[in-house]
Protein chains: 2
Amino acid sequence: MLSKKTKYGIKALTYLAKQETGVPVSIATISEMENISLKFLESILLTLRKSGLLGSKKGKAGGYYLLKDPKDVKMTMVMRVLEGPIAMVSCVSLNYYEKCADCPDETACAVHHLMIRVRDSNLKIYGETSLADLISY
Amino acid sequence: MLSKKTKYGIKALTYLAKQETGVPVSIATISEMENISLKFLESILLTLRKSGLLGSKKGKAGGYYLLKDPKDVKMTMVMRVLEGPIAMVSCVSLNYYEKCADCPDETACAVHHLMIRVRDSNLKIYGETSLADLISY
DNA sequence: TATTACCCTACTAATTCTATAGGAGTAAAG
DNA sequence: CTTTACTCCTATAGAATTAGTAGGGTAATA
């Protein structure tokens with residue numbers, strides 16, 4: 001299951017992608033427009049800013065804004081920041097590899113092989129989908 | 001992330017798929033061979049039996065066995081039983097559809113569109129992979 | 001300097017995951 | 001017919017994660 005954090009994060013990002021570039025939008029505005037708890041959204045946007053996806057402006061008329069063109073924001077990046085590794089088991093993770101404690105031989109593990117296929121297909125989708133694609137509906 | 005339950009369940013199923021068909025294997029044997037906590041495995045196998053994937057024989061020399069040919073056990077079924085719906089959000093689930101509370105218009109929701117793609121690609125993989133494929137390594 | 005809005009830490013409530021406990025029931029072997 | 005070796009089933013508990021809340025701090029702008 002997708003976490004609410006990721007779901008809300010993507011909604012917020014697409015909302016920002018629809019705005020004029022560089023114009024800050026306040027947390028309160030996004031919260032109202034997308035029906036997201038203000039405080040929860042605040043922490044999500046903070047995460048997105050720290051990851052380099054968003055910029056922010058303080059004070060009156062401040063808020064968050066996209067740092068890149070929506071075309072250049074791939075869902076691979078978004079998912080990794082919000083949801084964590086794309087792989088469903090760490091033994092097939094490209095960026096966060098870890099050996100399974102219970103598994104003596106990875107190459108003989110059925111789960112391993114299955115999850116490599118799943119990872120590759122998901123990576124493909126996230127890699128070829130950008131924020132711009134998502135707001136084109 | 002894949003739950004341990006699913007991981008262990010798949011390992012147990014592939015272990016059974018490697019045995020002579022119809023010959024029961026005890027929980028204890030699978031537990032030792034696959035390094036899975038005995039009691040946890042017990043509850044997993046029970047789930048698999050109730051779902052119709054496994055049969056069991058009680059008493060001495062009893063145990064669990066596959067009810068179908070490994071070729072006919074698709075991962076779609078296995079994943080649904082162990083991990084739950086394939087869809088990452090319920091608004092794109094084929095079997096467990098539910099409207100999102102926070103989302104006024106599904107067709108305009110970016111998350112919805114993205115998750116349909118992910119669901120379809122995962123369904124494809126699980127649908128074309130059987131237990132027989134997984135033990136062929 | 002008052003206001004607006006982001007920044008940050010800490011905490012709590014709820015849920016899910018990962019088992020564990022303990023016994024009841026069943027079948028086969030001696 | 002009794003022992004042994006299994007599955008069956010319910011309940012529950014500890015750990016981890018998720019989801020959300022509280023509250024004050026800090027910077028920028030008018």
Side-chain angles (χ1 to χ4, degrees), chain A residues 1-12 16 23-67 79 81-85 88-90 96 100-102, chain B residues 1-12 16 23-32 34-67 81-85 88-90 96 100-102:
Chain A
M1 280 282 154
L2 197 74
S3 69
K4 293 264 167 84
K5 181 181 169 189
T6 304
K7 186 183 176 189
Y8 294 161
I10 295 176
K11 285 196 168 197
L16 291 173
V23 180
V25 180
S26 75
I27 304 177
T29 303
I30 305 176
S31 158
E32 273 170 46
M33 297 301 290
E34 299 290 343
N35 300 304
I36 304 170
S37 144
L38 187 116
K39 280 301 212 173
F40 193 24
L41 179 61
E42 188 182 319
S43 73
I44 296 169
L45 293 175
L46 202 59
T47 309
L48 289 170
R49 186 185 61 81
K50 285 182 179 168
S51 77
L53 283 167
L54 294 181
S56 65
K57 192 186 169 206
K58 289 186 186 175
K60 200 161 186 175
Y64 285 94
Y65 53 90
L66 270 184
L67 284 173
M79 290 299 288
V81 167
L82 293 170
E83 191 76 3
M88 291 184 80
V89 284
S90 49
Y96 305 90
C100 296
D102 57 300
Chain B
M1 280 281 154
L2 197 74
S3 68
K4 293 263 167 84
K5 182 180 169 188
T6 304
K7 185 183 177 188
Y8 294 161
I10 295 176
K11 285 195 168 197
L16 290 174
V23 180
V25 181
S26 76
I27 304 175
T29 303
I30 304 175
S31 158
E32 276 171 44
E34 300 289 343
N35 299 305
I36 305 168
S37 143
L38 188 112
K39 279 302 214 172
F40 193 25
L41 179 61
E42 186 182 320
S43 72
I44 296 168
L45 292 175
L46 202 61
T47 309
L48 289 170
R49 186 185 63 79
K50 284 181 179 166
S51 78
L53 282 168
L54 294 181
S56 65
K57 194 187 168 209
K58 288 185 186 176
K60 199 159 189 176
Y64 285 93
Y65 52 90
L66 270 184
L67 284 174
V81 168
L82 292 170
E83 192 76 3
M88 290 184 81
V89 284
S90 50
Y96 306 91
C100 297
D102 57 299

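Chain letters run A, B, ... following the sequence lines, proteins first, then strands; residues in each count from 1.
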Give the rounded distance in Å between these two atoms: [atom1] of [X] and [atom2] of [N].
X: F40(B); N: dA21(C); atom1: CZ; atom2: P; value: 15 Å
X: L41(A); N: dC7(C); atom1: CG; atom2: C1'; value: 14 Å
X: K4(B); N: dT16(C); atom1: NZ; atom2: C1'; value: 14 Å
X: Y65(A); N: dC6(C); atom1: OH; atom2: C1'; value: 12 Å
X: E83(A); N: dT18(D); atom1: CD; atom2: C1'; value: 11 Å
X: M1(A); N: dC17(C); atom1: CE; atom2: P; value: 10 Å

For A28(A), all residues meeting side-chain contact (heavy atoms from CB on, under 4.5 Å), sequence neighbours excluded: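 A28(A) satisfies side-chain contact (heavy atoms from CB on, under 4.5 Å) with S26(A), L38(A) once adjacent residues are dropped.
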Closest non-hydrogen atom pair between [X] and [Y], with its separation:
X: K4(A); Y: F40(A); answer: CB-CE2, 4.2 Å
X: L41(A); Y: S31(A); answer: CD2-N, 3.5 Å
X: L67(B); Y: G55(B); answer: CG-N, 3.4 Å
X: P24(B); Y: G62(B); answer: CB-C, 3.8 Å
X: Y65(A); Y: K57(A); answer: CE2-N, 4.0 Å
X: I27(A); Y: L45(A); answer: CG1-CD1, 3.9 Å

Rounded (10°) bend between the five-pair end axes of the helix from dT1(C)-dA30(D) to dG30(C)-dC1(D):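 Here the local axes at opposite ends form an angle of 10°.
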Salt bridge (Lys or Arg N to Asp or Glu O under 4.0 Å) partners of K39(B), counting only residues at least two apart: E42(B)
Annotated protein contacts, base or backbone, on nucleotides 23-30 of chain C with a non-hydrogen cut-off under 4.0 Å, one of B, S, - each: B--BBS--
Sugar-phosphate or base contact per nucleotide [nucleotides 10-15 of chain C; S, B, -; heavy atom under 4.0 Å]: ------
Under-4.0 Å side-chain N/O to phosphate OP1/OP2 contact, [X] with [N]:
X: S3(B); N: dT16(C); result: no
X: Y8(A); N: dA19(D); result: no
X: S37(A); N: dA19(D); result: no

Stepwise side chain to side chain contact (heavy atoms under 4.5 Å, CB included) check, M33(A) with V25(A): CA-CA 11 Å; M33(A) 297 301 290; V25(A) 180; over 6 Å; no
Steps toward side chain to side chain contact (heavy atoms under 4.5 Å, CB included) verdict (Y8(A), N35(A)): CA-CA 9 Å; Y8(A) 294 161; N35(A) 300 304; over 6 Å; no
Interatomic distance, T47(B) atom OG1 to R49(B) atom CZ [nearest 0.5 angstrom]: 10.0 Å
Within residues 43-54 of chain A: residues closer than 4.0 Å to DNA chain D (heavy atoms):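 None, since no heavy atom is under 4.0 Å.
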Most 5' of Y64(A) and L2(B) on DNA chain C, judged by nearest nucleotide: Y64(A)
L16(A): which of L53(A), L54(A), L48(A) passes side-chain contact (heavy atoms from CB on, under 4.5 Å):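 Answer after filtering L53(A), L54(A), L48(A): L54(A).
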Verdict with reasoning, K11(A) to D102(B), per side chain to side chain contact (heavy atoms under 4.5 Å, CB included): CA-CA 11 Å; K11(A) 285 196 168 197; D102(B) 57 299; 3.0 Å; yes
Trace of the side chain to side chain contact (heavy atoms under 4.5 Å, CB included) decision for L2(A) with M79(A): CA-CA 10 Å; L2(A) 197 74; M79(A) 290 299 288; 3.8 Å; yes
